[in-house]
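Data block below; observations after.
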Amino acid sequence: MAEKLVLIDGHSILNRAFFGLPDLTNSEGLHTNAVYGFLNIMFKILEEEKPQYLTVAFDVHEPTFRHKMYDGYKGTRKPMADELRQQVPLMKEMLRSMGVTVVELPGYEADDILGTISHLAEQRGMQVSVISGDRDLLQLATEQIQIRIPKTKKTGTEIENYYAKDVLARYQVTPKEFIDVKALQGDTSDNIPGVPGIGEKTASALIAQYHSIEAVHEDAANVKPPRASKNILEYWDQAVMSKELATIILDAPVVYDFEQAKLDGIASLYTDEAYKMCKRLEFKNLLSRFEHADNAKEEALSFTILDNEMIANAFLLNLKSGFAFAFTQTETGIAISIADGEHLVYIPSTEQYEEQKLAAAFADAVIRIAKQDETAVFETAEVKKTLRYLLTHGISLNPYRNHFYDRTIAAYLINPTIGDYPYDLIAKDYLGQFLPSKDELIGKKNHEIETYLCHEANVTYRSYQLLLDRLDEMGMMQLFREIEMPLAFVLADMEQEGILMDKETLQEYGRTLQVSVDALESRIYEAAGEKFNINSPKQLGVILFEKMELPGAKKTKTGYSTSADVLEGLKGSYPIVADILEYRQLTKLKSTYADGLSNFVEADGRIRTSYNQTITATGRLSSTDPNLQNIPIRIELGKQIRKVFYPKAGCVFIDSDYSQIELRVLAHVSGDENLIEAFREGKDIHTSTASKVFSVPFDEVTTLQRRNAKAVNFGIVYGISAYGLSQDLGIGRKEAQEYIDQYFATYPKIKEFLDATVEDAKEKGYIKTMFGRIRPIPELSSGNFMTRQFGERVAMNSPIQGTAADIIKVAMIRVHDRLIQENYQARLLLQVHDELLIESPENEKEAVIALLEEEMRGAANLAVDLVVDTQIGKDWYEAH
DNA sequence: ACTATCACG
DNA sequence: ACGTACGTGATAGTT
């Protein structure tokens, strides 16, 4: 078999990739789509062809010689997009890091380099594949030289292949004749004039007949059509020059060393340097290629596995302060890093050394050190995980919580808008180190759980001071130490506690729903005249707005909108719409709540959510698996679900929620006397607002006026916009603006505050809550109007939502601690943003209510009182 | 993996 | 001319 050379037209393929892929950026903000696409095309080709040689050719941008720019993507030339230009040096760096030969030649185009090298290779008896997006290269095709043109399609990359015979078959001219076609036809993008009046069709036909422009010229008298006949004579000089321009040079003075271009298997491209670069550019898909390569890519992290009970125990007994640890629940084991990774230790639990024993020995070590050294700090990746693990073995570290540090919480406070803080990201951002990610280590092929855990521990240890310094600089030390860290312990206890759920009743409820769903389903099919999937917005949209021709069709980018606010307007006139809305409601209740929650009930009859403390941009918590912060309440049928949440024997539920906490925070931070006064009067705030805004006595406020005032109050908190308010109230934008103006006239300092907040945020790039929590708002400096508007609403909302979140967190810690310190059996179970649910023994309830309300009210000292409403019940339905 | 929808505050 | 109310998570359908 002949040896094979793959030649890539660098700019052309980069250009193809750039336009064929959506804009990708890495977290540094570098545009990466073209580089990514290039590598994908290159790897695909290499895997297919397994060549012995590989070379990429680039144009050198020397304007004096450049009669054309990059390969023909579009007929008209625009300057290269900035986002693409930036990627050219990245691409070259990537190729260099892979050891790929890159050829550039001043004064010549990439085409000429490709032509010359492929010609050389052919003379040596090699097979050549030239990869380009440019059809001009088809003139190079021979029996040995194949031109391959990749096309990015929905289904992936498809490649058109041309040997000389394929060119003839497709274009009815030989590769050499292709030059002559172009000489006649011209190419504006390449500044080739051609012959006026001869276009694509005529040019091809003439060359197919005469085989060269010279032959056409000679027989000009007989050439049809007459316009071509005339012009070939008149513009002959121009035609000759065009032919010259269109001809790719085959003997450019390229210095080319075949030995250097040798490719020692595809795996030889997977170098350490290339791996790091893929990591930096965040090419997650490509990284997997590196793992499958035989040669190891990482300096191995060295650590010791202590799987012997005696040795592990001895180690734990000798442990002194100054370590970081990490662990995971599935493959139970603990990784400990001491003294900057010099002593990385992984202790797995085994059949001999059971989890229970390991957990106890580990906790003993922590407690011993904490008692010996009051400055000792235990650095964890995610402390709540560790705490849950220990709690399942009956161990609580609550008394020692001031000794703990949580890397993920620290990173979250520094930038709460990311949502995910894996160790490899922390290592990159704070240590400038590129580590394999968790997925790479525990992927399909690798099962290096120990390595993963040791990286966790090591990164935690080594980034500790850097993160802490950053928190200090940003003024968030107190927030971190006094709120977020203690809260993690509170949340661990709440999660571990869980909440009892009557699974039988819930399932019965589900069966009842199903009966109604079935009935609705057949009625909908009947009205529609056919069966279809009601759950498919696509199918539903077609049925309603095409087949049944309902009015008011609103389009989304995928089809018709069938959302509730569209259907709501139609349900009066079309019974099928009312049925669909009810069907939606019932199936939602069935799938998400009846079926969904049932699956989470554990053996002890309790259901345990997970609180995520590091996900929201504002500082709120979120709840998952299952989400217990969105249990239905607004509609009675859904609210029934709350009856299956019940307290254990001898206990009741005590449920307290803050009344209008966000508006109270707003009154405080704005200092608006009128709003403060309204709260001090203690009357219904929406009615009071209506009374002031519409200048009517309090007792004469109509329900409509109250409803409007309430909507405006919400709007203010969300970062008011006339459009948003008009949508909510179903009124005109102008009218909505009038409401807003009247509102601001009533509460002038609120407007001042909101304006000042936005202004400040624009200047600083972030907002701050009362407790010092920050949220960056990069949207404010966007060039896009809509994005900027969004940034302004966020700037108005976040300090309010965030401060309210801070306040309830303080309350949670205080309530939790008092319940324990004062020896109550009652326990905090749930938090729902402005609401706390406690399970309390009957005989404690009065005291616990008093305690709960006291701590919730006292969590912050505002210009207005924090008012708390409390209810007691035998289930969550009654208690809220 | 993304989109549409809808549950909560 | 533009076209969204703020913050989440789960499910089903589609790609």
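No experiment lies behind these values; they were computed from the predicted model shown. Throughout, a chain's letter reflects where its sequence line sits, starting with A, and its residues are numbered from 1.
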Touch class at under 4.0 angstrom, heavy-atom based, for A:Leu725 against every strand present: base

Sugar-phosphate only, base, or nothing, as touched by A:Asn535 at under 4.0 Å among non-hydrogen atoms: sugar-phosphate

Below 4.0 Å: OP1/OP2 of C:dC6 and any side-chain N or O of A:Arg620: no

A:Asp625 CG - C:dT8 P separation (whole Å): 17 Å

Any strand: nucleotide that pairs with C:dC2 via Watson-Crick or wobble, under 3.5 Å: none

Options C:dA10, B:dC8, C:dT15, nucleotide nearest the side-chain atoms of A:Arg642: B:dC8

Pairwise C1' distance, C:dC2 and B:dC6 [rounded to whole Å]: 28 Å

Under-4.0 Å side-chain N/O to phosphate OP1/OP2 contact, A:Thr618 with C:dT8: no

More than 12 heavy atoms from other groups under 6.0 Å of NZ on A:Lys639: yes

Sugar-phosphate only, base, or nothing, as touched by A:Gln727 at under 4.0 Å among non-hydrogen atoms: nothing

Minimum-distance nucleotide (side-chain atoms of A:Ile720 versus C:dT4, C:dA5, C:dT8): C:dA5

Side chain to side chain, A:Met494 and A:His816, heavy atoms closer than 4.5 Å: no

Donor on one side chain, acceptor on other, A:Ser726 and A:Arg733, under 3.5 Å: no

Touch class at under 4.0 angstrom, heavy-atom based, for A:Ser561 against every strand present: sugar-phosphate

A:Gln539 vs C:dT14: side-chain N/O to OP1/OP2 distance below 4.0 Å: yes

A:Pro632 side-chain proximity, nearest of C:dC6, C:dG13, B:dA7: B:dA7

Expected output: side-chain A:Thr592 to main-chain A:Leu589 donor-acceptor under 3.5 Å: no

Touch class at under 4.0 angstrom, heavy-atom based, for A:Gly715 against every strand present: base

Sugar-phosphate, base or nothing in reach of A:Ala564, heavy atoms under 4.0 Å: sugar-phosphate

A:Lys557 side chain near C:dG3 phosphate (N/O to OP1/OP2, under 4.0 Å): no

Among C:dG9, C:dA5, B:dC8, the nucleotide that comes nearest once only the side chain of A:Ile615 is considered: C:dG9

Nucleotide nearest A:Ala617 when distance is taken to its side chain, options C:dT8, C:dA5, C:dC6: C:dT8

Whole-Å gap separating C1' (B:dG9) and CG (A:Leu663): 13 Å

Residue A:Asn533, side-chain heavy atoms: nucleotide from B:dA7, C:dC2, C:dG13 that is nearest: C:dG13

A:Lys531 NZ: over 12 foreign heavy atoms closer than 6.0 Å: no

Nearest listed nucleotide, side chain of A:Thr558, among B:dA4, C:dG7, B:dT5: B:dA4

Earlier contact from the 5' end, DNA chain C, for A:Met786 and A:His833: A:Met786

Sugar-phosphate only, base, or nothing, as touched by A:Asp657 at under 4.0 Å among non-hydrogen atoms: nothing

Atom-pair distance (CD1 on A:Ile800; P on B:dG9), nearest Å: 19 Å

Sugar-phosphate, base or nothing in reach of A:Ile631, heavy atoms under 4.0 Å: sugar-phosphate

OP1 or OP2 of B:dT5 under 4.0 Å from side-chain N/O of A:Thr562: yes

Touch class at under 4.0 angstrom, heavy-atom based, for A:Ala711 against every strand present: base

Under 3.5 Å side-chain donor-acceptor pair for A:Asp657 and A:His880: no

Separation of C:dC6 P from A:Glu779 CD (nearest whole Å): 11 Å

Separation of atom CG in A:Leu540 from atom P in C:dT11, rounded to whole Å: 21 Å

side-chain N/O A:Ser591 vs C:dA10 OP1/OP2, d < 4.0 Å: no

Sugar-phosphate, base or nothing in reach of A:Arg788, heavy atoms under 4.0 Å: nothing

Touch class at under 4.0 angstrom, heavy-atom based, for A:Ala804 against every strand present: nothing

hbond_proxy A:Arg584 side chain to B:dT5 base (donor-acceptor, 3.5 Å cutoff): no

Nearest-Å distance for atom pair CG/P, residues A:Asn627 and B:dT5: 21 Å

Flag, side chain of A:Asp672 to backbone of A:Lys749, donor-acceptor distance under 3.5 Å: yes

Rounded interatomic separation in angstrom, taking CG from A:Leu586 and C1' from B:dT5: 15 Å

Any-strand Watson-Crick or G-U partner of B:dC2, both distances under 3.5 Å: C:dG13

A:Arg773 side chain to A:Leu413 backbone, donor-acceptor under 3.5 Å: no

Heavy-atom donor-acceptor pair, A:Arg634 side-chain to B:dG9 base, under 3.5 Å: yes

Side-chain donor/acceptor contact of A:Ser721 with base of C:dT4 under 3.5 Å: yes

Residue-phosphate contact under 4.0 Å: A:Arg793 side-chain N/O, C:dC6 OP1/OP2: yes

Separation of C:dT11 C1' from A:Ile534 CD1 (nearest whole Å): 16 Å

Base B:dA7 paired with A:Asn630 side chain (donor-acceptor, <3.5 Å): yes

Sugar-phosphate only, base, or nothing, as touched by A:Val717 at under 4.0 Å among non-hydrogen atoms: nothing

Phosphate OP1/OP2 of B:dA4: any A:Thr556 side-chain N/O under 4.0 Å: yes

Ring geometry between A:Tyr412 and A:Tyr421 (parallel below 30°, tilted from 30 to 60°, perpendicular above 60°): perpendicular

